[in-house]
Structures are given as structure tokens and as C-alpha cells.
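Starting from 1, each residue takes its place in the sequence as its number. One-based numbering, in listed order, for ligands and for the atoms of each.
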Amino acid sequence: MSNAAANHAPNQIQSNAAITAIGSYVPERRMTNSDLEKLVDTNDEWIVRRTGIHERRIAAEHEFTSDLCIAAIQDMIDRYAVSVDDVDYIIVATTTPNAVVPGVASLVQTRFGIVSCGAVDVQAACAGFASSIQLANGLILSGMCRKILVIGGETLSKVTDYTDRATCILFGDGAGAILMEKDTAGSGGVTAMYSTTDGSLGHQVYLSGLAPSIGEHPLQQNGRLVQNGQEVYKWAITQVSEGITNMLTQYGIQPDDIDWFVPHSANMRIVDAICERTGIAKERALTSMGDYGNTSAASIPLALDRAVRVGLVKPGQLVLLYGFGGGLTQAGVLIRWSMQ
Ligand code: UT7
């Protein structure tokens, strides 16, 4: 059963936190569909038709999630001439941290020598980046923080089972970073949020840890991502479509009001089905799975940054970021774009 308890206050949020800079990074090494043909019984035609994925990036042996996150932040600093020295908080969304402790956020803090800030990792799988924006927005709205670094970064290749053709064709590595600050112009920023979770389906996609099972569901302890693709697929097209529709209804937004829709890039067929069910035009969907595969917490900032780089996203436009996946959890944020 779906739990939408977080959504009792559908009033539009006032005085928002806005995205003021963005950057991204993907590792150099490409893994194409024909490379995968050499590893498992699959083919380019099947992968493209069933997922929309052509290739993905794979981190080098010595490259870990913190390295990708740091490179994404550096890209942001270089392009926007911003400083991260004075951020109040670093929030890293990741399912593939370098270590369980310390978190990736602490490694980022050390690398940039940020003198005084909070540092947390958020583990909400493919909903991690949108969830982190929700948290950052809350900290800024409360007045307790002025400037927050939010990063989505993954090295999923390090936990992918390259003998399982149903999962290894999907996943890739990458990172995207944004700065969030109070919207001083009063014209933009996060204007709505939505979350819903169905933990009873959590065993349908997992990366095992300490416990041998989730409830009565035993987990494979192989240190690899395991999923029941068909069940996750069904949940995504039904429950995620319903979640998006609920969110839009609660805030009085019509599907046509959305200029850009940035869903988690799980599978192109899932995105198409969500668009059909919610009434959001497919042409407004920005995705990153074609070139990068499913990069979990990094997929949304990678797709967003690509669109920002080519000038597609303009001030005043309404952008819906919507993450969904492991948990099974969903998180959406609606942003009135204010960045030039
Ligand atoms: O972000 C994390 C959350 N995860 C997801 O969003 C994943 C959601 N699920 C999916 O994207 C899809 O379910 C998959 C891409 C994983 C699989 O696509 P599908 O259309 O659901 O395929 P299927 O599992 O129904 O399998 C259809 C057939 C099977 O063969 P038979 O039993 O019909 O003979 C599979 O064995 O396709 C076979 N198959 C493959 N064939 C060639 C499965 N994987 C492959 C493959 N290449 N890589």
C-alpha cells in the first residue's frame, strides 16, 4: 500500500531555495552494447528496444564515487566561477559510497577544505537526488542555512553483476552537482515537493548489507545489485505515474504547465509510459540513459546539466525533477527556474 503521509500540506511553498550553479562529470571509459555482447548473451537491438540505452560510462579501478562527485563540483566551479568555501551543508545522494563510514560528503568536505559545514550522505537510491533537494530546501527555508551543495554520484559498475544480463545492461557511473541558495529575487526556486514510499516492495531491488533478509525475503549476499526487473517496471509505470499525478493535482499544476520533465533515467520505456499516463508531453522529458545508462542518484542532474549546457532550460520555466526506485521510494520537486 502506498503511503503519502508526507503530503498533507499541499500549499505552494513560499520563499524558496533555488539552484544557482550546476556541474557534472562522467568517467572516460565507455561500455557499449556491443561490449556487453562479449560478456553476456545479449545484443544491441534488444538493449536499445527494451531500455533506450546505447552505452554507459564505467569508473576506472582507482576511481570511486567521491572522485566523480569532486569532478562534478569542480566542473560547476569552473563554469560558474562560484565558491564552495562557504557552504553550510554538503548533501551527497549515493547508493555506492566509497565506504559506509565516513560518508562521501566528508570526503568532499576534505577535498575542498571547507572549514565549517554539515556533511551527510542520503541513501534513497534513484530518488536520492530529488530527496536531497527537498532536504536542502527545508534547511534553507528554515533560515538556518544559506548555501548548500547537493550532489548525486554513483559508481554502480562496482556493484553490478556482469554475469546477469537482466541487470548489467542497465547500470552506469556518473555524478552531478548543484548549489542551492535562497532565491533572493523571489521569482524562482523550489515551489512544490512530493514524496511517497512503499517499503513493502523494498526486496524487489536491493544491495545487501548486514542483514540476511528483509522481513521474510532472503537476500543474496553477493555484494551486487539484485532486482526483479519486471516487478520494478510494473511499479514504476503504475505507482510513479500515480505519484506524479497526485503531486500535480495537490499543487494545481496541469501537465502542460511543465516545461521540462526530468524523471530518473531508469529505462526509456518507463519514461514513455509515465508520460502517457500523466499527460506530460514526451518531448519535454530530459533523460540521460541513452549515453550513460541508469546512473541512479546521478541520472537526474546528468540529464538536467546536459539541457542547461545547451541553453534548453530558461528562467521562468517550470521544471519537474522526479526520482524513483529502490526503497521503493519516490521524490519529486517542482522548480521555477531562475538561473541565467
Ligand atoms: O533504477 C533502479 C530500478 N530498476 C529499474 O527501473 C528496472 C526496471 N525494469 C526494467 O527496466 C526491465 O524490466 C528490464 C530492462 C530489466 C528487462 O526488460 P523486460 O522487458 O522487463 O524483460 P523481461 O525481464 O520481461 O525479459 C524478457 C525476455 C526474457 O526471455 P524469455 O523468458 O522471454 O525467453 C529474458 O530472459 O528477455 C530476456 N532478457 C534478455 N534478452 C537479451 C533479459 N535480459 C536480456 C538481455 N538481452 N540483456
Side-chain angles (χ1 to χ4, degrees), residues 31-56 93-96 122-131 152-174 176 196-199 201-208 224-241 243-244 262-275 277 285 287-290 292-303 321-332:
M31 184 184 272
T32 63
N33 292 346
S34 55
D35 292 331
L36 283 162
E37 287 174 12
K38 293 169 198 138
L39 297 177
V40 287
D41 180 14
T42 190
N43 58 77
D44 178 61
E45 191 274 329
W46 191 97
I47 300 173
V48 172
R49 185 164 44 84
R50 300 273 183 150
T51 70
I53 299 169
H54 294 269
E55 61 179 41
R56 39 326 266 136
T94 187
T95 315
T96 48
V122 167
Q123 201 286 83
C126 310
F129 187 73
S131 301
E154 301 282 8
T155 44
L156 291 168
S157 64
K158 297 189 191 291
V159 295
T160 295
D161 178 356
Y162 286 101
T163 64
D164 176 7
R165 68 176 181 172
T167 58
C168 73
I169 53 139
L170 295 173
F171 299 114
D173 304 336
T196 184
T197 300
D198 187 353
L201 296 177
H203 59 284
Q204 300 292 7
V205 48
Y206 66 85
L207 180 56
S208 64
R224 297 287 176 261
L225 255 169
V226 179
Q227 71 169 357
N228 183 340
Q230 284 183 352
E231 288 304 317
V232 180
Y233 186 94
K234 267 190 264 168
W235 169 82
I237 64 171
T238 56
Q239 298 306 305
V240 173
S241 302
I244 292 170
V262 196
H264 164 50
S265 285
N267 177 328
M268 200 61 218
R269 281 192 300 147
I270 293 178
V271 173
D272 285 346
I274 289 174
C275 286
R277 286 168 179 247
T287 62
S288 54
M289 86 282 278
Y292 303 144
N294 177 341
T295 53
S296 194
S299 87
I300 289 177
L302 284 173
L321 312 184
Y322 206 94
F324 56 88
L328 301 180
T329 193
Q330 316 180 23

(request) Step by step, work out the side-chain contact (heavy atoms from CB on, under 4.5 Å) result for Thr95 and Gln123. (result) CA-CA 6 Å; Thr95 315; Gln123 201 286 83; 4.1 Å; yes
Over all atoms of both residues, closest heavy-atom pair of [X] and [Y]:
{"X": "Ile237", "Y": "Arg277", "value": "O-CD, 3.1 Å"}
{"X": "Gln227", "Y": "Leu170", "value": "NE2-CD1, 3.1 Å"}
{"X": "Leu156", "Y": "Ser296", "value": "CD1-CB, 3.7 Å"}
{"X": "Cys168", "Y": "Thr160", "value": "CA-CG2, 3.6 Å"}
{"X": "Leu225", "Y": "Val205", "value": "CD2-CG2, 4.2 Å"}
{"X": "Ala297", "Y": "Phe129", "value": "O-CB, 3.4 Å"}

Among all the protein's heavy atoms, is there at least one whose distance to [atom] comes out below 4.0 Å?
{"atom": "atom 5 (C) of ligand 1", "value": "yes"}
{"atom": "atom 32 (O) of ligand 1", "value": "no"}
{"atom": "atom 18 (O) of ligand 1", "value": "yes"}

(request) Return yes or no for this condition: an N or O of Thr51 is under 3.5 Å from an N or O of ligand 1. (result) no
(message) Test your reading of the structure: does Gly229 have an N or O sitting under 3.5 Å from an N or O of ligand 1?
(response) yes
Please check: side-chain N/O of [X] versus main-chain N/O of [Y], any donor-acceptor pairing under 3.5 Å?
{"X": "Ser299", "Y": "Thr295", "value": "no"}
{"X": "Asp35", "Y": "Thr32", "value": "yes"}
{"X": "Thr94", "Y": "Thr96", "value": "yes"}

Near [X], which atoms of ligand 1 are under 4.0 Å from a heavy atom of that residue?
{"X": "His264", "answer": "1 (O)"}
{"X": "Arg50", "answer": "19 (P), 20 (O), 22 (O), 27 (C)"}
{"X": "Gln230", "answer": "13 (O), 21 (O), 23 (P), 24 (O), 25 (O)"}
{"X": "Arg269", "answer": "18 (O), 19 (P), 20 (O)"}
{"X": "Thr42", "answer": "42 (C), 46 (C), 47 (N), 48 (N)"}
{"X": "Ala266", "answer": "6 (O)"}
{"X": "Val232", "answer": "3 (C), 4 (N), 5 (C), 6 (O)"}

(request) Determine, using heavy atoms of Val205 and all atoms of ligand 1, whether some pair is separated by less than 4.0 Å. (result) no
(message) I'd like to know whether ligand 1 has Cys126 as a neighbour, heavy-atom separation below 4.0 Å.
(response) yes
Among all protein non-hydrogen atoms, which one is nearest to [atom], and what is the separation to 0.1 Å?
{"atom": "atom 14 (C) of ligand 1", "result": "Asn267 ND2, 4.6 Å"}
{"atom": "atom 7 (C) of ligand 1", "result": "Gln227 OE1, 3.5 Å"}
{"atom": "atom 30 (O) of ligand 1", "result": "Arg165 NH2, 4.3 Å"}
{"atom": "atom 44 (N) of ligand 1", "result": "Trp46 CH2, 3.4 Å"}
{"atom": "atom 16 (C) of ligand 1", "result": "Ala166 O, 3.5 Å"}

(message) Assess the residue pair Glu154 and Asn294 against the criterion (side-chain contact (heavy atoms from CB on, under 4.5 Å)); give the C-alpha distance rounded to whole Å, side-chain angles, the decisive distance to 0.1 Å, and a yes or no.
(response) CA-CA 10 Å; Glu154 301 282 8; Asn294 177 341; over 6 Å; no
(request) Measure Asn294 to ligand 1 on non-hydrogen atoms and call it side chain, backbone, both or neither using the 4.0 Å cut-off. (result)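 Side chain only; the backbone of Asn294 stays clear of ligand 1.
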(message) One pair to check against side-chain hydrogen bond (donor to acceptor under 3.5 Å, both in side chains): Thr197 and Thr329. What are the steps and the verdict?
(response) CA-CA 4 Å; Thr197 300; Thr329 193; 2.7 Å; yes
